[in-house]
Amino acid sequence: MRNLNLFLTLLFLFLIPLLSFCQNDSEVKLDSIEQAWKALSTDAEIISALQELSLDPKLDVETMEAYTEKALNKISNTPETRHQVLNLRGFFYGMKGKHKESVELLKSLLTEMDTLQDNKTLLSVYRTISDNIRIIGKIDESDYYAKKCYEASKSLDQSEMSFSCMMVIIKNLRHKGFLEEAIDSLKASEKYITDKNTTYEIASYYNTFGLIYRELGNYDLAIKNYNILKEILTKENDKRGLSIIYNNLGNVEQSKGNLEKALEYYITSLEFKKELGNKRSISISYHNIGTIRQDLGLLDLSIRDLKKSLELTRETNFEKMIVLNLCYLGISYNLKKEYDTAIEQLEEGLTKAKEIQYKKGFLECHTNLGFSYFEKNKIEKALFHFIQGNQAAKEIDRKADICSTTIGIAQCYEVIHNSNSTLPENANISASTIENMLLESIEIAKEIKNNKHIRESLAALQRYYQRNNNTRKEAYVSRELLILNDSIFTSQKADAISEWETKYETKEKEQEIILLQKDKEIQTAKSKADRNKLIFIIIGIGLIAIAGLVYFYFNNQLKRSREMALIRTKISSDLHDDVGSVLTGLAMQSEILSATAKAEDKPKLERITEMSRSAMSQMRDAVWAMDARRDNWGSLFDRVNEFAQETLREKDIQFKMIHHSMNQEQELVSDIRQHIYLICKEAITNIIKHSNADQVQIEFRQSNQYIFVDIHDNGKVEKKDFNSSGLGTSNMKMRAERINGHLDITQDDGFKIQLKIPK
């Protein structure tokens, strides 16, 4: 009899997935498995079958509820078995995203169980409640139940459950921002993982490490933990786990700015999810892919992927993801300047966010509606949405969004003030309120170390003081803005010098290997190469010393802008005179060595010469960018003209530059000057690589609010070349954003780039 019951149980468990496969994802015909269900007789068999059902991702809530009712009618109905059935129902609610329903059911169950000491089920209820409350957002309450579960499981020697509860506690620490404490707790759990060695717990362990290290910005350690887990899951052929890991690896690469690599990981994750057939998970992958393509500027593809995700989320009633898809569709249409379509998507998303009380979606939709209406010059509507977004950001403590919405409010206020209009009565924004909000935004941006928001907030505050004729405060803010710009400039230059130095060190090692393979006949050449090595070391020491002096100066002596200009001028002169002469000597030495070297050695020595010449060109750019005497429009015009003439002349391309009535002596902030030059340089390089033009024109012009730089040629660019320009156009757009500007790239009547920068 016992063997017969076991056979019927296995038959039942086989029929469930088979029938689910043969039918629609959301429909399971109860009549088809009724006979198998009736064959189950003991409480253990019924609960075991019900447990298998609860883990089926294709099963819908109504079907599960029907089976739990059947189970309650079929079992012996002792308190223990009844609690186990209801606990499985609560667990399934959570699996299907019905977290509130899960918590309500299990809390009511808990009032009965506390008095009955149904220990094993009680621990499971504690654990499920804590996890679902955490997802709802009640972190402190989640901690309460997780810690109760942890203490009880320790006393009952239930090590597997204690580890599971510890993982919830660690997730709560991560949510609260206590990342170092979360890392310490994870490391304390290492012995349990070593002892137990179960795939699920190991996966949870390494995955959580990866998530926390990613939030700490330690991307290398995050990737290391994800790769350890990836190897384990590959051996186990765990496709669901692999889909999560590839998705997380995509998140890391996206955070690092490696968008193409992130896209590759997201697509791999999508392939696994399609095999598994979980439509909700597939919708998340399409959403991630759509946002990456949005960042890459592939807006039509982004819209296509986001619409696929939206279709799946509507089909599965994935409400929060519906809101996010509508929001990001709005962002893509905003970037395409199709503002009416963007507003339509964002308004629908906002309505849905209000309906389900999704605060993050509420914030995102309001903020992007503010940008849409601002671009349409409907300032009152834009102001309303920025204010609503600002309030929502404060409610959920999204610091970066507090800054961006505050800047939006200040911009709306500025437009209204300049047009002599009056603020809407319901805006409740005064001049002093704007000042206080911007001061608060600056402090928040400093706290989260977001230089973009610091600079934009300072610039808005500077304009505010200028409008109100508060020259003392305006001067103070201008000085802070100048210090920030120069510190960013210094950091960028230090990174560039470090990268340049690394290239030389790598080349030096290659040269040593080559020289060690030679016989006595080239000892003279080896001696000269050693001298080159010494020159490299001297250059590195000199550059490090210069970088140290610059760092020390900007941290201890930045009191007056005139002194800062003098030291920048001195440094540029030193670089030009000292390092320039060393690089020239290096090139000459390489050429002399090449003349006496064997034929097989000459290509390698010529590479050293080429690198020296390239370094000299890069040094000239660095000297020009650093020289404070060049902080004016005239210097920029001369530099762009010089580069264009030298570069285009070799290709027989005619060049013309126009700068309409622009004051060449007018001061120009150094990093803005540098970014404009590098955008022009990249554009000219792209024209040479991809266009068949014979005429190029660069035009500088200005309006009351903006400065425009138009780069236009008369050639044609193949669509494949235009789409494959990759990081060339991405870098130009990134540089435009860094100076608060906007870059448009078109192929109408030739290859045309327009840069628009606020004055």
Side-chain angles (χ1 to χ4, degrees), residues 57 171 174-175 179 202-313 316 318 320-325 327-329 331-332 335 360 364 400 726-727 730-731 733-734:
K171 288 176 183 177
R174 172 175 159 244
H175 184 91
L179 301 180
I202 290 174
S204 180
Y205 178 78
Y206 284 112
N207 188 53
T208 306
F209 257 129
L211 292 171
I212 297 173
Y213 279 129
R214 189 182 86 206
E215 291 185 24
L216 283 168
N218 196 332
Y219 300 127
D220 290 338
L221 279 177
I223 291 171
K224 178 182 177 182
N225 280 277
Y226 286 146
N227 282 332
I228 291 172
L229 180 53
K230 186 174 73 172
E231 290 180 12
I232 296 169
L233 295 173
T234 302
K235 289 178 182 177
E236 297 285 335
N237 195 27
D238 186 342
K239 294 181 180 179
R240 181 178 179 277
L242 286 169
S243 72
I244 295 170
I245 287 303
Y246 277 108
N247 184 78
N248 290 347
L249 283 166
N251 290 338
V252 175
E253 296 298 343
Q254 187 174 8
S255 299
K256 289 176 70 176
N258 298 334
L259 300 184
E260 275 111 3
K261 189 68 175 176
L263 183 59
E264 181 183 325
Y265 281 132
Y266 285 144
I267 291 172
T268 304
S269 175
L270 175 61
E271 290 169 356
F272 280 113
K273 290 176 179 179
K274 283 182 176 179
E275 287 186 50
L276 295 167
N278 189 319
K279 291 185 178 181
R280 283 198 169 197
S281 295
I282 294 170
S283 72
I284 294 172
S285 283
Y286 274 122
H287 176 84
N288 289 339
I289 292 168
T291 58
I292 285 286
R293 285 177 168 156
Q294 186 182 93
D295 291 339
L296 288 168
L298 306 172
L299 299 179
D300 290 332
L301 290 176
S302 169
I303 289 170
R304 184 198 68 184
D305 293 324
L306 291 169
K307 283 183 175 180
K308 283 183 181 178
S309 179
L310 181 61
E311 180 183 349
L312 288 168
T313 52
T316 57
F318 196 173
K320 288 185 178 180
M321 192 56 71
I322 291 173
V323 175
L324 291 178
N325 279 319
C327 179
Y328 276 90
L329 277 169
I331 294 171
S332 287
L335 293 171
K360 180 185 175 184
E364 297 281 0
L727 289 178
S730 298
N731 282 338
K733 289 183 178 180
M734 176 189 68

* To do: Could you give me the CA-CA distance, side-chain angles and deciding distance for Ile284 and Phe318, then say whether side-chain contact (heavy atoms from CB on, under 4.5 Å) is met?
  => CA-CA 10 Å; Ile284 294 172; Phe318 196 173; 3.9 Å; yes
* **Check against side-chain contact (heavy atoms from CB on, under 4.5 Å), Ile292 and Gln294** => CA-CA 5 Å; Ile292 285 286; Gln294 186 182 93; over 6 Å; no
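Ser243 and Leu276 make their closest contact through OG-CD1, 4.4 Å (heavy atoms, listed as atom of the first residue, atom of the second, distance). A pairwise comparison of heavy atoms in Arg293 and Ile267 identifies NH2-CD1, 4.3 Å as the closest pair.
Counted by atom type alone, Gln254 and Tyr266 present one or more donor-acceptor pairs between their side chains at under 3.5 Å. Donor-acceptor pairing under 3.5 Å is recorded for the side chains of Lys273 and Ser285.
No side-chain heavy atom of Leu310 sits less than 4.5 Å from a side-chain heavy atom of Lys308. For the pair Ile232 and Tyr206, the minimum side-chain heavy-atom distance is below 4.5 Å. In this structure the side chain of Lys256 reaches within 4.5 angstrom of the side chain of Val252, judged on heavy atoms. The shortest side-chain heavy-atom distance between Glu260 and Leu296 falls under the 4.5 Å cut-off.
Remark: side-chain polar atoms of Ser283 are paired, donor with acceptor, to backbone N or O of Arg280 under 3.5 angstrom. A donor-acceptor pair under 3.5 Å links the side-chain atoms of Thr291 to the main chain of Asn288, judged by distance alone.
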Under 3.5 Å, which donor-acceptor pairs do the side chains of residues 220-227 form with other protein atoms, sequence neighbours left out?
unit_1: Asn225; atom_1: ND2; unit_2: Leu221; atom_2: O; d: 2.9
unit_1: Tyr226; atom_1: OH; unit_2: Leu211; atom_2: N; d: 3.2
unit_1: Asn227; atom_1: ND2; unit_2: Ile223; atom_2: O; d: 3.3

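If you take CG on Asn248 and CG on Asn251, they are separated by 5.5 Å, rounding to the nearest 0.5 Å.
A salt bridge links Lys261 with Glu264: the closest approach of a Lys/Arg side-chain nitrogen to an acidic carboxylate oxygen falls below 4.0 angstrom.
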